[in-house]
Structure formats: C-alpha cells, structure tokens
Amino acid sequence: MCGRTACTLAPDEVSRASSYRNRRGQRRQPGWRDGDADKYRPSYNKSPQSMSPVLLSHRHFDKNAPVDECVLAAMRWGLVPSWFKENDPSKMQYSTSNCRSENILQKKTYKEPLLKGQRCVILSDGFYEWRRQEKEKQPFFIYFPQTHKSCEEKQDPINESAEAEEASDEWTGWRLLTMAGLFDCWTPPTGGEPLYTYSVITVNASPNLHSIHDRMPAILAGEDEVRRWLDFGEVKSVDALKLLQSEDILTYHPVSSFVNNSRNNSPECLQPVDLNQKKEPKPTASSKMMMSWLASGSSKRKASEEDRDKKDTPSKSTGALQQWLQGANKKTKTQ
C-alpha cells in the first residue's frame, strides 16, 4: 500500500525535475496548469486528502493540445469518482487512496477513469511504509537510488546538438519517484468548482521490499515507461496495465517514529536512524545524496519554504529545519 509520501521541491523545481521526451524525442519541461502551482505545498510528510504534484497529458484540460504534451497539476489524494452523488466528498464510505492493479477492471470507481485514458503519474521524493515488528511498527523511507546519469544515457541523445542545448537545463537534483495512478474529476451535484483527485495504483511488493510490506506503489522506472503510461492516444488501456510490474528498483532506509504523526513536517521525517544502536547510522550512497540535496537546496526552494511556513505552519518550523540542516540538533527520536 502507500499511505504517506514526501515531496519537498518547490513548484519550479518539480517542473524541472519532471522533464520528459515527447513521441518525437524532443525534450520538454511541463508547465503547471493555471493556478495549480499555488495549490501545491512542499511537504516532508504528505497524507491522503493533501494536494500532490501530478503529471498527465495536457489533452485532459485542453482538447486541442497534443496527447503527448504533459502538464503538471495539483490534485487531492483520494479519488472521488465523477458519479459520486453526495455534495461532500468526505461522505464517501470507502478509501480510494490506493487501488490494486489486479482489481482495476473489476471496480467501477477505477475502471471508468482507466477506460477514459485518465492515467497520471504521482511525483514524490519517495514514500513511507511501516514494517510490523512485535507490538510496534518501524517506518522506512523508500525512494529511487540517487545516482548520476550513466555514460550510456548521456551517449544516447536524439542528436548531439540537441543534447548540448539541453545540458544547461538538465536537472541534477533529487530524482523524483514516479508512481502510476488514475485520476477523476468530480463536480458537486449542487454546482461548484471541479475537484481533481487521484489514486495510487499498487502491486505486489518487489522481493527487496517484501520484508517491509506485501504491497507497494506501481513504479514507472524510466522516461519511456512514464511516456507510455501517460500517452493514452498511442497506448491503450490493456497495454498500459502491462507496465505495472514489481521490480527491485528502489532503495530504502529506516526513519524515526517522528513521521508517524502526519502533523510532523520537517527533515527529521526523512533522517536515517540505526535500528540497532538507536543513533544516526553510517549513511549509504543514496542517503548521503539525499542529505546533500536537502542541505544544498536552491535559494528558490528555501525562499518558497520560508514564505509558505509563514502562512501555513508555526514559526518554529523554519528554525527546526535550519538547525537540522546545520547539524546543530543531533538528537533523533527513535522507536
């Protein structure tokens, strides 16, 4: 399953980090749907009902847009089907934050969006999962291994000149996790603003994650899989479902029980802990890259976080963030 994620990039960074190639192999950077950049709030601890950045075909909003042109939108986590009759989505009697890949075609809630091509990619730094151990649950943060692009990838451009032009805009920060999802658009029966919501598709856990939980989000491993999942004009629903596989492509580390409370929203949620010694462990290559990325965040992201903290969170949040990044606060809450 997937019940908690993190996405800490500022809106402009999400756009840069989710660049893609269209059918012709041209590199594109998706823009935000009008007004949606302001609806999205970076967070170290996102739970259902929060707004998350979602990548999808622009055709869903503009019938004249190419199907393979992507756009970013802020959508609420927890799919509300278009046919829901109540005037308050909170009155839904069942959870739709996740949908099982094997049941999509058996459930009206998910079958209709799938057949309409309403496929999307949920973007995040990673997701949290809890492993049951005796009477307690140990949280883990799970994400893409953070490595530099291989020489093979760099030597496989559409053409050398185009690659050279793209080099200056190439995203070198945190590699966002790309989770397959379905979305729908619901309008209150009595009228009002349409609400876009999504569900994360889940599959059986890969062998390396099975010890933590038996389910995991369906991960789209590379640009080609993301393109094919979103291109509902070229890739039909039955073929798109074949992209949802369990593979050993993710890494993880244990984190503090601090993340258990969804109101906690600071870098401590992501900080690795040592389950044996109850102190900060020796970092892995991926976790070191995560720490480096958080500590060396761009001025734009820091400015964005500070502006949003003033509006949405207590003033002490920014101070705690700065202390952790500077290494002033060495105490870590553990299980």
Side-chain angles (χ1 to χ4, degrees), residues 2 5 7 9 11-24 26-40 46 48 50-82 96-99 101 104 109-124 127 171 176-187 193-202 217-237 239-241 243-244:
C2 178
T5 66
C7 193
L9 302 189
D12 64 316
E13 293 179 316
V14 173
S15 179
R16 292 176 57 207
S18 54
S19 66
Y20 66 96
R21 291 188 189 277
N22 60 21
R23 291 177 184 173
R24 296 170 297 285
Q26 298 169 317
R27 173 68 64 183
R28 293 289 183 263
Q29 183 173 306
W32 283 88
R33 179 173 175 252
D34 291 344
D36 277 19
D38 294 329
K39 296 178 182 178
Y40 158 64
K46 281 187 173 292
S50 64
M51 304 295 283
S52 298
V54 172
L55 189 68
L56 68 163
S57 169
H58 198 182
R59 177 71 67 84
H60 294 297
F61 301 118
D62 181 355
K63 293 182 179 180
N64 295 319
V67 177
D68 62 336
E69 178 181 297
C70 293
V71 66
L72 287 165
M75 293 191 186
R76 200 181 79 164
W77 189 359
L79 189 146
V80 179
S82 59
T96 56
S97 57
N98 293 170
C99 62
S101 61
I104 289 178
T109 300
Y110 309 120
K111 180 179 179 179
E112 290 189 358
L114 177 69
L115 296 182
K116 291 178 182 178
Q118 292 171 188
R119 310 193 297 253
C120 64
V121 174
I122 300 93
L123 303 170
S124 69
F127 68 98
W171 176 250
L176 291 178
L177 197 61
T178 42
M179 301 181 287
L182 296 172
F183 76 92
D184 211 343
C185 179
W186 171 80
T187 302
E193 183 180 356
L195 176 66
Y196 283 88
T197 58
Y198 71 87
S199 180
V200 176
I201 299 174
T202 66
I219 305 300
L220 301 167
E223 286 189 7
D224 184 61
E225 289 190 10
V226 169
R227 183 191 65 78
R228 292 170 61 198
W229 177 254
L230 297 181
D231 194 343
F232 64 93
E234 183 178 74
V235 183
K236 303 305 179 185
S237 300
D239 294 323
L241 290 177
L243 295 170
L244 310 180

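Hydrogens, waters and symmetry mates are skipped; everything else that's a heavy atom, side chains included, is used.
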Please identify each residue that fulfils salt bridge (charged side-chain N to carboxylate O under 4.0 Å, His left out) with Asp239, with sequence neighbours left out. Lys242
List for me each residue that meets side chain to side chain contact (heavy atoms under 4.5 Å, CB included) alongside Arg228, sequence neighbours excluded, and say none if there are none. Asp224, Val235, Leu243
Does the side chain of Ser124 come within less than 4.5 Å of Lys46's, by heavy atoms? no
Any residue meeting side chain to side chain contact (heavy atoms under 4.5 Å, CB included) with Ser199, in chain and number order, not counting sequence neighbours: Leu79, Cys99, Tyr110
Suppose we screen for side chain to side chain donor-acceptor pair (under 3.5 Å). Which residues come up paired with Ser15, at least two apart in sequence or across chains? Gln29
Interatomic distance, Ile122 atom CD1 to Leu182 atom CG [nearest 0.5 angstrom]: 8.0 Å
Could you pull out all residues at least two apart from Ser237 that satisfy side chain to side chain contact (heavy atoms under 4.5 Å, CB included)? Leu114, Leu115, Arg119
Close side-chain approach of Trp229 and Ile201, heavy atoms under 4.5 Å: yes
With sequence neighbours left out, what residues match Ser50 under side chain to side chain donor-acceptor pair (under 3.5 Å)? none
Does a side-chain heavy-atom distance below 4.5 Å link Leu72 with Val54? no
Compare all side-chain heavy atoms of Phe127 with those of Pro217 and state whether any distance is below 4.5 angstrom. yes
Using only atom types and a distance under 3.5 Å, with no angle test, would you say the side chain of Glu225 pairs donor to acceptor with the backbone of Ala221? yes
Excluding sequence neighbours, so at least two apart, what forms ring-ring contact (aromatic ring centres under 6.0 Å, His included) with Tyr20? none
With Asn64, which residues qualify under side chain to side chain contact (heavy atoms under 4.5 Å, CB included), at least two apart? Asp62
Partners meeting salt bridge (charged side-chain N to carboxylate O under 4.0 Å, His left out) with Arg33 (sequence neighbours left out): Asp36
Listed by chain and number, what are the side chain to side chain donor-acceptor pair (under 3.5 Å) partners of Glu234, not counting sequence neighbours? Arg227
Applying salt bridge (charged side-chain N to carboxylate O under 4.0 Å, His left out) to Asp68 and not counting sequence neighbours gives Arg24
Do Ile219 and Leu177 have side chains that get closer than 4.5 Å, going by heavy atoms? yes
Of the non-hydrogen atoms in Cys120 and Leu230, which two are nearest, and what is the gap between them? CA-CD2, 3.7 Å
Measure the CE-CG distance between Met75 and Leu55 for me, rounded to the nearest 0.5 Å. 10.0 Å
Within a strict 4.5 Å, meaning less than it, do heavy atoms of the Pro66 and Asn22 side chains meet? no
Please round to the nearest 0.5 Å and tell me the distance separating atom CE of Met179 and atom CG of Leu123. 8.0 Å
Closest non-hydrogen atom pair, Ala74 against Trp32: N-CZ3, 4.0 Å
If we only count heavy atoms from C-beta on, is the Ser82 to Lys116 side-chain gap below 4.5 Å? yes
Apply ring-ring contact (aromatic ring centres under 6.0 Å, His included) to His60 and list each qualifying residue two or more places apart in sequence or on a separate chain. Phe183, Phe232
Is the closest side-chain heavy-atom distance between Tyr198 and Leu56 below 4.5 Å? no
Heavy-atom closest pair, residues Gly31 and Val71: O-CG2, 3.3 Å
Test your reading of the model: is there a side-chain donor-acceptor pair from Trp77 to the backbone of Thr197, 3.5 Å cut-off? no
